[in-house]
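Worksheet for the structure shown next.
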Amino acid sequence: MNHAFDIVIVGAGPAGLAAACAAAESGQRVAVLDDTPWLGGQIWRGEQSRPQLSQAQRWIERFRRSGATLLDRTSAIACPQPGVLLAEHPDEPREIHWQRLILATGAREMFLPFPGWTLPGIVGPGGLQALVKNGWPVDGKRIVVAGSGLLLLAVADGLKKHGAKIVSVSEQAPWSRVLGFGPALLSHPGKMLQGAGIKLRLLGVPYRCGVWPVKAEGDEQVRRVTLTDGRNTWTEDCDLFACGFNLVPNVELPLALGCALSDGFVRVNEWQAASVENVYCAGEPTGIGGVDCALVEGRIAGCAAGDRHAPAKALFAKRACWHRFRAALARAFALRPELKSLAADDTLICRCEDVTLGRMKQFNGWRDAKLQSRCGMGPCQGRVCGAAAKFILGRGMESVRPPVFPARVSSLITSGTSASNPNPNQTTT
Amino acid sequence: MPANPIQLRVNGKSVLVSAGTVLAAAIAQAGVTKFRRAVTGGPRGPLCGMGICMECRVTINGQTQCRSCQTLCEEGMEMRTDE
Ligand SMILES: Cc1cc2nc3c(=O)[nH]c(=O)nc-3n(C[C@H](O)[C@H](O)[C@H](O)COP(=O)(O)OP(=O)(O)OC[C@H]3O[C@@H](n4cnc5c(N)ncnc54)[C@H](O)[C@@H]3O)c2cc1C
Ligand code: FES
């Protein structure tokens with residue numbers, strides 16, 4: 001089925017919703033597509049069925065009244081030519097035509113391999129939070145939380161509200177750097193932190209800095225986790241282990257469109273315009289700055305794409321403020337070098353094709369490893385192992401071949417693109 | 001018991017969930033932790049919870065390789081994890 005719009009936005013998270021509302025105010029035909037069946041991206045997921053956050057409700061309501069079209073369960077998978085996106089929907093492939101495109105594809109958690117990390121029950125903290133918002137049961141479950149970032153605190157707090165017993169929260173960054181982040185928080189009335197660290201300690205949950213996981217054990221699921229502070233090592237029993245190390249941007253679609261990156265993020269100008277004509281980018285793909293940063297960038301992109309430069313400009317000062325917060329986040333939660341040596345040679349790096357670190361080390365580069373070992377060729381297409389390999393070995397994905405999601409072959413045939421499917425039998429909903 | 005429950009089957013076992021529940025959560029509610037077997041045989045379950053890692057793949061109504069974390073439960077769904 002073909003669809004044509006003036007402005008198309010990929011991603012219905014905070015950045016995409018804000019962009020859609022701003023773009024629709026210009027009177028243009030606007031559409032937002034999202035891979036998921038719901039609105040709100042990662043942080044506001046579940047808000048439609050179980051409303052909780054007033055900020056989320058305001059934006060979802062505003063979006064509903066904006067006149068923009070929502071194409072849900074629609075994954076953008078390739079860009080066969082300028083002005084056309086090819087997308088997959090459970091019922092049919094979709095060809096979506098655009099004059100201007102805003103990429104608001106968000107971020108994902110970074111997972112680092114350590115012995116035992118593939119056991120069921122080891123889930124990203126944000127991922128677990130997302131699942132809990134959609135009904136995953138944690139009542140009475142013992143959960144160890146570890147990794148890095150403000151998300152650990154927000155998630156531990158959220159899980160506790162759902163009845164989980166949080167055994168401990170361990171942040172890999174040392175206290176000195178996390179405390180140094182304090183002033184940045186004070187100047188931004190702590191949206192992401194929500195005073196969660198202090199609250200957790202009041203609730204009797206230990207929050208430790210300078211502590212990281214070294215291994216996980218269990219039979220068919222995780223049972224215990226070993227942690228270290230670099231001098232001492234100890235073990236904690238658990239039913240679930242929430243572990244993730246900050247976020248990495250979803251830049252596969254921007255890359256497939258030819259957008260230039262800088263330091264791993266999509267490079268944009270003051271109007272949030274990317275290096276490719278008529279393509280804009282907002283939210284986490286341009287830098288990991290949290291929900292308020294995503295909202296303001298989305299609004300600027302939406303105004304600019306609708307040729308409304310004055311209201312966009314009025315938001316520059318606010319954005320600059322959140323960009324300072326973003327820079328402070330990156331400094332405070334930078335990953336310690338010890339994390340590069342958590343994986344042993346027999347630890348799996350690629351979870352789709354079960355490629356070990358030892359095997360991966362035998363190859364010269366990511367491309368070579370990919371061709372010879374199928375590392376990164378499985379259905380996640382390197383989304384998990386790519387960032388890990390880059391951190392551990394200094395080499396990772398250099399480019400993206402369409403489709404950016406494993407697609408049903410039919411979608412590709414409809415488009416007549418030359419994109420090849422790495423795994424033709426693979427389908428996704 | 002949830003209000004307006006949705007009934008579905010996880011590996012043949014009947015489960016009642018509330019509206020807005022994703023399949024992965026229904027599977028966990030049924031007490032199943034292992035969603036699939038990896039290519040070398042190891043047990044796997046959801047990792048990312050957001051549709052990118054593909055570790056939560058299951059068979060839904062006969063269709064294989066569906067991401068259970070991105071699929072909402074619907075009345076009468078039949079769902080199977082790997083043995
Ligand atoms: C798993 C996870 C959980 C999180 N939980 C919290 C939390 O509880 N609290 C908090 O403060 N912050 C949380 N964060 C951080 C939060 O995501 C960001 O602060 C904020 O939501 C960023 O907004 P965004 O619009 O840039 O991206 P997102 O909210 O990530 O939205 C991006 C959207 O784009 C869609 N998308 C991506 N690629 C495609 C494609 N090719 N085709 C179609 N759709 C696509 C995705 O499905 C998603 O809905 C979480 C992050 C992650 C990764
Ligand atoms: S848990 Fe990662 S795709 Fe579903």
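Just so we're on the same page: letters track the sequence lines, and every chain starts at 1.
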**OP:** Give the C-alpha distance, both sets of side-chain angles, the deciding distance and a yes or no for side chain to side chain donor-acceptor pair (under 3.5 Å) between A/Glu47 and A/Gln57.
**Re:** CA-CA 7 Å; A/Glu47 285 288 328; A/Gln57 294 310 312; 2.9 Å; yes
Original post:
Would you call A/Arg383-A/Glu109 a salt bridge at under 4.0 Å N-O?
Top reply: no
**OP:** Check each atom of A/Leu128 against the heavy atoms of chain B and say whether the ones under 4.5 Å are side chain, backbone, both or neither.
**Re:** neither
Original post:
Pick from B/Cys69, B/Ala26, B/Gly42: which one has the most heavy-atom pairs with chain A under 4.5 Å?
Top reply: B/Cys69
**OP:** Specify which of B/Gln29, B/Arg44, B/Lys34, B/Glu55 makes the most heavy-atom pairs with chain A at under 4.5 Å.
**Re:** B/Arg44
Original post:
chain A: which of B/Gly45, B/Pro43, B/Ala24 shares the most heavy-atom pairs with it under 4.5 Å?
Top reply: B/Pro43
Original post:
When you check the side-chain N and O atoms of B/Thr81 and B/Asn11, is any donor under 3.5 Å from an acceptor?
Top reply: yes
**OP:** Step through the shown structure and confirm whether more than 12 heavy atoms of other residues, nucleotides or ligands are within 6.0 Å of NZ on A/Lys215.
**Re:** no
Subject >> Part of A/Glu220 lying under 4.5 Å from any heavy atom of chain B >> reply: both
Subject >> Residue of the set A/Arg223, A/Arg224, A/Arg142, A/Lys141 for which salt bridge (Lys or Arg N to Asp or Glu O under 4.0 Å) holds with A/Asp239 >> reply: A/Arg142
